[in-house]
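Report on the structure given below.
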Amino acid sequence: MTPWSATVLTLFPEMFPGPLGLSLSGKALATGLWSLETVNIRDFAVDKHNTVDDTPFGGGPGMVMRPDVVDAALASVEDRPGPVLYLSPRGPVLDQALSAELAAGDGVTLLCGRYEGIDQRVLDKRNIREVSLGDFVLSGGELAAMALLDASLRLLPGYMGAEASLDEESFSSGLLEYPHFTRPASWDGLDVPAVLLSGHHENIRAWRLEQAERITRDRRPDLWARYCGQEGGGDEIAKGAMSAR
Ligand code: 4HQ
């Protein structure tokens, strides 16, 4: 089987696989469930000093990555499967739906910027989609790229040891996770909720749903509103939740 293909264009290829080389993602990389190719953007520099950036037209702080260099790097990976995404706070924020969509495809190419970013013309010419990890500023796109990859990789069929743990968690239902407990049943004077020790699976399911709904309503009104508006068409947990309200 051909691996799910991750291609990363970066000035710091040594950052990869980084944490993605460990744990489940590392195992999946080693067993060929996914493949990782890094492209050093500096290899496409055209002058003797291997310059990749220059000062911004119009003035202002910092440096901008040159369009000719970035374009040549992108041209070298044109045949890779999946969309090309530029990690940038200007894009729509990454969510579970995009992670799942990417995981369902054949791979992704991720363009990582440094400095103030990339000359707009190369993004326009190639109609590159931007995706943000969130409303904060990173030093470069690499850590965002790793987070994006992690979120998709764990959805690849065969990634999980225990496949079950995927579907009950946050965002597949549209709810935040219910609280989790493990042994010891009593610790530091704190007891695990009795229902979880009861062995009554229907009561446990109802309790968890109630907790997940309360936490979502209290902490994330935005998610709660979307959840309440999603009657039908959802998964079993969500449908159960709708009828339980
Ligand atoms: N940056 N989500 C600026 C980010 C970022 C984010 C990456 C900083 C791109 C040029 N990327 N560079 N937030 O803050 O993805």
Side-chain angles (χ1 to χ4, degrees), residues 4-21 25 34 36-46 49-77 80 82-103 105 107-155 170-171 219-220 222-223 226:
W4 191 86
S5 164
T7 306
V8 180
L9 294 90
T10 170
L11 288 171
F12 297 98
E14 310 85 354
M15 288 179 74
F16 293 85
L20 299 178
S25 52
W34 68 293
L36 174 66
E37 178 187 13
T38 55
V39 173
N40 190 342
I41 295 171
R42 194 172 297 279
D43 290 346
F44 297 86
V46 290
H49 297 294
N50 287 342
T51 308
V52 295
D53 60 346
D54 207 332
T55 55
F57 279 121
M63 300 292 273
V64 177
M65 290 174 73
R66 288 170 52 136
D68 53 348
V69 176
V70 173
D71 188 65
L74 285 165
S76 77
V77 292
R80 303 303 188 278
V84 179
L85 305 179
Y86 172 47
L87 283 308
S88 154
R90 299 192 308 188
V93 175
L94 177 68
D95 62 9
Q96 192 64 18
L98 177 58
S99 299
E101 189 182 315
L102 293 172
V108 70
T109 295
L110 300 174
L111 176 58
C112 300
R114 284 269 154 177
Y115 321 117
E116 301 308 308
I118 297 178
D119 186 298
Q120 186 62 39
R121 290 168 294 177
V122 67
L123 304 176
D124 292 345
K125 172 190 162 182
R126 292 184 174 271
N127 221 322
I128 292 172
R129 278 170 70 187
E130 302 186 27
V131 177
S132 173
L133 193 60
D135 295 336
F136 43 81
V137 182
L138 298 169
S139 308
E142 289 81 7
L143 287 171
M146 288 179 204
L148 180 149
L149 288 173
D150 184 74
S152 286
L153 290 172
R154 59 188 295 287
L155 301 177
S170 297
F171 299 117
R219 299 187 189 183
R220 291 292 302 274
D222 57 327
L223 293 181
R226 184 148 37 120

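Positions are given from 1, in the same order as the sequence printed here. One-based numbering, in listed order, for ligands and for the atoms of each.
Here the heavy atom of the protein found nearest to atom 13 (N) of ligand 1 is Phe136 O, 2.9 Å. In this structure, the protein non-hydrogen atom closest to atom 9 (C) of ligand 1 is Leu87 O, 3.4 Å. Looking from atom 2 (N) of ligand 1 to the surrounding protein, the closest heavy atom is Leu133 N, 2.8 Å. At the top of the distance list for atom 14 (O) of ligand 1, counting protein heavy atoms only, stands Leu138 N, 2.8 Å. Protein heavy atom closest to atom 12 (N) of ligand 1, with residue, atom name and distance, is Gly113 O, 4.0 Å. Of the protein's non-hydrogen atoms, the one nearest atom 5 (C) of ligand 1 is Pro89 CD, 3.6 Å.
Side-chain atoms of Trp4 come within 3.5 Å of backbone atoms of Leu102 as a donor-acceptor pair (strictly under, hydrogens ignored).
Shown in contact with Val137 at under 4.0 Å from a heavy atom are these atoms of ligand 1, numbered in order with element: 14 (O). Remark: ligand 1 atoms within the under-4.0 Å shell around heavy atoms of Ala144 are 11 (N), 15 (O). In summary, the atoms of ligand 1 found under 4.0 Å from a heavy atom of Gly140, numbered by their order in the structure, are 7 (C). The contact set between ligand 1 and Gly141, taken as ligand atoms under 4.0 Å from a residue heavy atom, comprises 7 (C). For ligand 1, the atoms closer than 4.0 angstrom to any heavy atom of Gly134 are 13 (N). Every atom of ligand 1 is numbered from 1 in the order shown, and the set under 4.0 Å from a heavy atom of Tyr86 is 10 (C). Near Gly117, meaning under 4.0 Å from any of its heavy atoms, are these atoms of ligand 1: 10 (C).
Closest approach of Asp135 and Val93 over heavy atoms only: OD1-CG2, 4.2 Å. For the residue pair Pro13 and Thr38, the shortest heavy atom distance occurs at CB-OG1, 3.7 Å.
Every pair passing side chain to side chain donor-acceptor pair (under 3.5 Å) that includes a residue from residues 107-118 is listed here, sequence neighbours excluded: Arg114-Glu142.
In terms of the salt bridge (charged side-chain N to carboxylate O under 4.0 Å, His left out) criterion, residue partners of Asp71 (sequence neighbours excluded) are, by chain and number, Lys125, Arg126.
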Evaluate the criterion side-chain contact (heavy atoms from CB on, under 4.5 Å) for residue pair Asp124 and Arg121; output intermediate values, then yes/no.
CA-CA 5 Å; Asp124 292 345; Arg121 290 168 294 177; 5.5 Å; no

Dump the intermediate steps for side-chain contact (heavy atoms from CB on, under 4.5 Å) on Asp53 and Leu11, then the final yes or no.
CA-CA 11 Å; Asp53 60 346; Leu11 288 171; over 6 Å; no

When you look at Val70 and Asp119, which way does the side-chain contact (heavy atoms from CB on, under 4.5 Å) test go after all the steps?
CA-CA 9 Å; Val70 173; Asp119 186 298; over 6 Å; no

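No more than 12 heavy-atom neighbours from other residues, nucleotides or ligands sit within 6.0 angstrom of CZ on Phe57.
By the criterion of a heavy-atom distance under 4.0 Å, the backbone of Ser88, and not its side chain, is placed next to ligand 1.
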